[in-house]
Protein chains: 2
Amino acid sequence: MRPTSTELEFLKLLWKESPRTARELHQELEGILQWGYSSTRKTLDRMAEKALVTVTKEGNVNLFAPQVDKVKTLASFAADFAKRVFELDGPLPTAMFTGSKLIDDDEIDQLEHLLEQLRKEQEQ
Amino acid sequence: MRPTSTELEFLKLLWKESPRTARELHQELEGILQWGYSSTRKTLDRMAEKALVTVTKEGNVNLFAPQVDKVKTLASFAADFAKRVFELDGPLPTAMFTGSKLIDDDEIDQLEHLLEQLRKEQEQ
DNA sequence: CATCCCATGCGACATGAGTCGCATTTCTTT
DNA sequence: AAAGAAATGCGACTCATGTCGCATGGGATG
């Protein structure tokens, strides 16, 4: 299942460093989202239900870690976007994501592979 | 206001040819969306409320036409996507949309301009 | 003119996401 | 051990969107 925009923000943080507590994640997002702590927790709970993150009880706190792969997730977003918005069916241009702070060169290679795969699957 | 995915589909059709009736639009989307005619109409109604399309009563039928610009709309999607998913702040790669069946070379030029503008506005 | 069809206006329901608050449980610190 | 702080579980509300159905009204046709 594709995460929502907000969920993607949480995943990005977790991809950088995990596991983390709800409180830690909340503090990082506070400035941007202007949320109450409850909202952060609820979102995290729902992400757990959807298997986007795992929860591990460590003593009395819950630790969250990503349960979906970063490159796969980004690839899915890219493919969806290209098709839905621009109706691009062919191979997606690499240039689309070079320059992103989120992924390094290695990961860009993986991304391309995945996109190519997605494209083929969809062809059928 | 940014259209939803579904609304974008309607806009795409209207950009190709307008004005059109709900019935005509419905027939084009029937295959893809598997919707009842009521759903099509409701969506169109709501798009009118949001000023995404205009409605003109022609006799006893309503004619719909796009009320938002194609290139502007696509640019807004592209900018949002690049930032939200890949955290690209710099100029967006042109390659992102070359090859799209939706826009011709002229429009690609416009798109680039708009993206550059959006980027600058956002910098502040 | 009576009838039938299609268009419209509009109400309605379900689900998901955004957003919070509260009561209960569990640490930690005197 | 008692008290206070912090974490959790979970319910709840609102709004947008997807998705229909129904009742009403105006044209076309025999």
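Just so we're on the same page: letters track the sequence lines, and every chain starts at 1. For the numbers below, each heavy atom of this structure counts, side chains included, while hydrogens, waters and symmetry mates do not.
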All N/O contacts under 3.5 Å from nucleotides 27-30 of chain C to the protein, with atom names and distances to one decimal?
none

Inset, instruction - Please report the closest heavy-atom contact between A:L115 and A:A75, naming both atoms and the distance. - result: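 Nearest pair, atom of A:L115 first, then A:A75: CD2-O, 3.4 Å.
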Inset, instruction - Return the minimal non-hydrogen interatomic distance between A:T40 and A:F10, and the atom names on each side. - result: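 Reported closest heavy-atom pair: CG2-CE2, 3.7 Å.
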Inset, instruction - Spell out, as yes or no, whether a donor-acceptor pair under 3.5 Å connects the side chain of A:R2 to the backbone of A:D80. - result: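 Looks like no, no N/O pair under 3.5 Å.
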Legend entry - Side-chain donor or acceptor of B:S76 paired with backbone N/O of B:K72 under 3.5 Å: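 Not a single qualifying donor-acceptor pair exists.
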Legend entry - Carboxylate-amine/guanidinium contact B:E87 A:K12, below 4.0 Å: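 Judged by the 4.0 Å cut-off on N to carboxylate O distance, B:E87 and A:K12 do form a salt bridge.
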Inset, instruction - State plainly whether the residues A:E7 and A:R46 are in salt-bridge range, i.e. N to O under 4.0 Å. - result: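 Answer for the salt bridge query: no.
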What is the distance from [atom1] of [X] to [atom2] of [N], rounded to the nearest Å?
| X | N | atom1 | atom2 | result |
| --- | --- | --- | --- | --- |
| A:K57 | D:dA7 | NZ | P | 13 Å |
| A:F10 | C:dA17 | CZ | C1' | 12 Å |
| A:L44 | D:dA7 | CG | C1' | 13 Å |

Inset, instruction - Kindly calculate the angle separating the two end axes of the helix from C:dC1-D:dG30 to C:dT30-D:dA1, each obtained from five base pairs, and round it to 10 degrees. - result: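 Taking five pairs per end, the axes differ by 10°.
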Inset, instruction - Output yes when at least one side-chain N/O atom of B:R23 is less than 4.0 Å from OP1 or OP2 of C:dC6, else no. - result: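 For C:dC6, OP1/OP2 do not have a side-chain N/O of B:R23 under 4.0 Å.
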Legend entry - Cation-aromatic face contact A:R20/A:F64, 6.0 Å, 45 degrees: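 Pair A:R20/A:F64 does not count as cation-pi.
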Nucleotide N/O to protein N/O under 3.5 Å, stretch nucleotides 17-20 of chain D:
| unit_1 | atom_1 | unit_2 | atom_2 | d |
| --- | --- | --- | --- | --- |
| D:dT17 | OP1 | B:K50 | NZ | 3.4 |
| D:dT17 | OP2 | B:K50 | NZ | 3.2 |
| D:dG18 | OP1 | B:T6 | OG1 | 2.5 |
| D:dG18 | N7 | B:R46 | NH2 | 2.5 |
| D:dG18 | O6 | B:R46 | NH2 | 3.3 |
| D:dT19 | OP2 | B:W35 | NE1 | 2.0 |
| D:dT19 | O4 | B:R46 | NH2 | 3.1 |
| D:dC20 | OP2 | B:G36 | N | 2.9 |
| D:dC20 | OP2 | B:S39 | OG | 2.6 |

